[in-house]
Amino acid sequence: MSTITTVNPATEQDIQTYTLMTEQEATDRIEACHAAFLEWRKLSHDERASFLTRIGQALREHADELAALMTRETGKLLKDGHIEVEICAAICDYTAQHGPDALADEERTHGPDQKRGVVTYQPIGVIYSIQPWNFPFYQPVRVLAANLMAGNGCVLKHASICIGSGLRLRELCIQTGLPEDLFQVVVIDHDTSDILIAHPKVRAVTMTGSDEAGRHVGAMAAKALKKTVLELGSNDAYLVLEDADIETAVKFSVIGRLYNNGETCVSAKRFIVTDKVYDAFVDGFVAQMKAIRMGDPTDANSQLGPLSSKAQFDMVKEQVDISVAKGATVLCGGQAPDRKGAYYPATVLADLSPGMPAYDDEIFGPVASVIRAKDDEDAMRLANESRYGLGGGIFSKDEDCAFKLARDHFDTGMIRINTFGAMDPNMPFGGVKDSGYGREHGGFGIKEFVNVKAIFLP
């Protein structure tokens, strides 16, 4: 019988070993979730909302414990874990507050006689949620909250390195009174996961991960004629235009590249800097990246913790090494320290060109790619050349101009102007191109997996 052992990436010590479920055990969880859904769907929107409010409260009450768990499993800074717990609670609160109105029946008319019609948003059943490790609570919660509100059940397959976080989330939900079988966590391998996607009681699939994984999951779901929402990462471009305030650009570029140890799908990764301000930006940016304090993620003075695993460390190192071998210049970092743990330093690469991982791909770690643009127009062109399109940013003193660029020309799902942030419960989250499709948050996620039912009255 196969097992998975979670490992603390800072200390390299084993945390816990879990036994993989058999196919029968996993499908039993699907069946149990479906049975719970049949009762859950009968509750009113306000009744469902009350459960979310209690879940949000429980998350806040256990914030210290949950943040420490995330740090042990993934190496994220303890303070970032606290921020994540608060984001999760805020999502629960937002969904409870706005969900009933978003899902309320809508009065319409039909036919030449303008007879009464009603559009109603009805739950569909079990939603299968495949989630990554970089935000062990936020990723599952954003799916769970929306779908509990919609009246669905949820089965979570969490990443293998943070199984403990997924199981603890389920425990907390049950402690608040959520029906025990409505939210399930399965500990399974990829082959069993494919079987669950095809299971007739699974009505839809949502996944966050790499574009390669998204293609596989999307194809498996499509074979079974099931709707998917896919959020597949990105190499988000942040444009430093000719009139940018350099101090602001440097400040938020450092924050945007290093937030969550650089392991964030919607974060600043490519810095496309116009020739006019290139030297000033690079000088300030490199100076601040060099000064970053890397260390124990439980130490309040640490600004950068380890990567989430030895495997993630090896991947980031390989991407940097290949880029350098192909001609990239290391402006700082680029060499891992000789110490225990999956630590990789804040790194800045320049002189990049197509064909390098640092130019073409997503580096999921504290590595910044700086690309020189001739002017503002060229910067926008370079940003849009990417196969990805999740997030992005623009630094410019002319906010009206930046807004028009963002609205009319930036081919991506979310754009920050003169700032950085990861998500907000009131704004839609999602991307285009190889970054996937579908939206979460802002009321949009609540309606991704419902039956939009039209009722025609005489």
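Along the sequence shown, the residues carry numbers beginning at 1.
By the neighbour-count criterion of 12 heavy atoms within 6.0 Å, atom CD of E318 is sparsely surrounded, having that number or fewer from other residues, nucleotides or ligands. For R168, the CZ atom is densely surrounded, since the number of other residues' heavy atoms within 6.0 Å is greater than 12. Crowding of E171 atom CD: a count of heavy atoms from other residues, nucleotides or ligands under 6.0 Å exceeding 12. For E247, the CD atom counts as loosely surrounded, since its 6.0 Å shell holds 12 or fewer non-hydrogen atoms of other residues, nucleotides or ligands. At most 12 heavy atoms of other shown residues, nucleotides or ligands fall within 6.0 angstrom of atom NZ in K404.
For the 3.5 Å distance criterion, the side chains of H216 and D194 qualify, holding a donor opposite an acceptor. Side-chain contact of D375 with T274: a donor-acceptor pair under 3.5 Å is absent, judged by distance alone. A donor and an acceptor atom, one from each side chain of K76 and N260, are located under 3.5 Å apart.
Relative orientation of the Y138 and F135 rings is perpendicular, given thresholds of 30° and 60° on the angle between their planes. Note: F252 and F395 have parallel aromatic rings, judged against thresholds of 30 and 60 degrees for the angle between ring planes.
Each of R142, R439, Q139 was evaluated against E231; a single residue qualifies, R142, per the side-chain hydrogen bond (donor to acceptor under 3.5 Å, both in side chains) test. Here the options are D211, D434, D411, D236, the test is side-chain hydrogen bond (donor to acceptor under 3.5 Å, both in side chains), and the partner is Y388; only D211 passes.
Between I91 and H441 the shortest heavy-atom distance is CD1-CE1, 3.5 Å. Smallest separation of non-hydrogen atoms from K157 and D189: CE-O, 4.2 Å.
Geometrically, K317 does not engage Y344 in a cation-pi contact defined by less than 6.0 Å to the ring centre and at most 45° from the axis.
The backbone N or O of P345 sits less than 3.5 Å from a side-chain atom of T347, completing a donor-acceptor pair.
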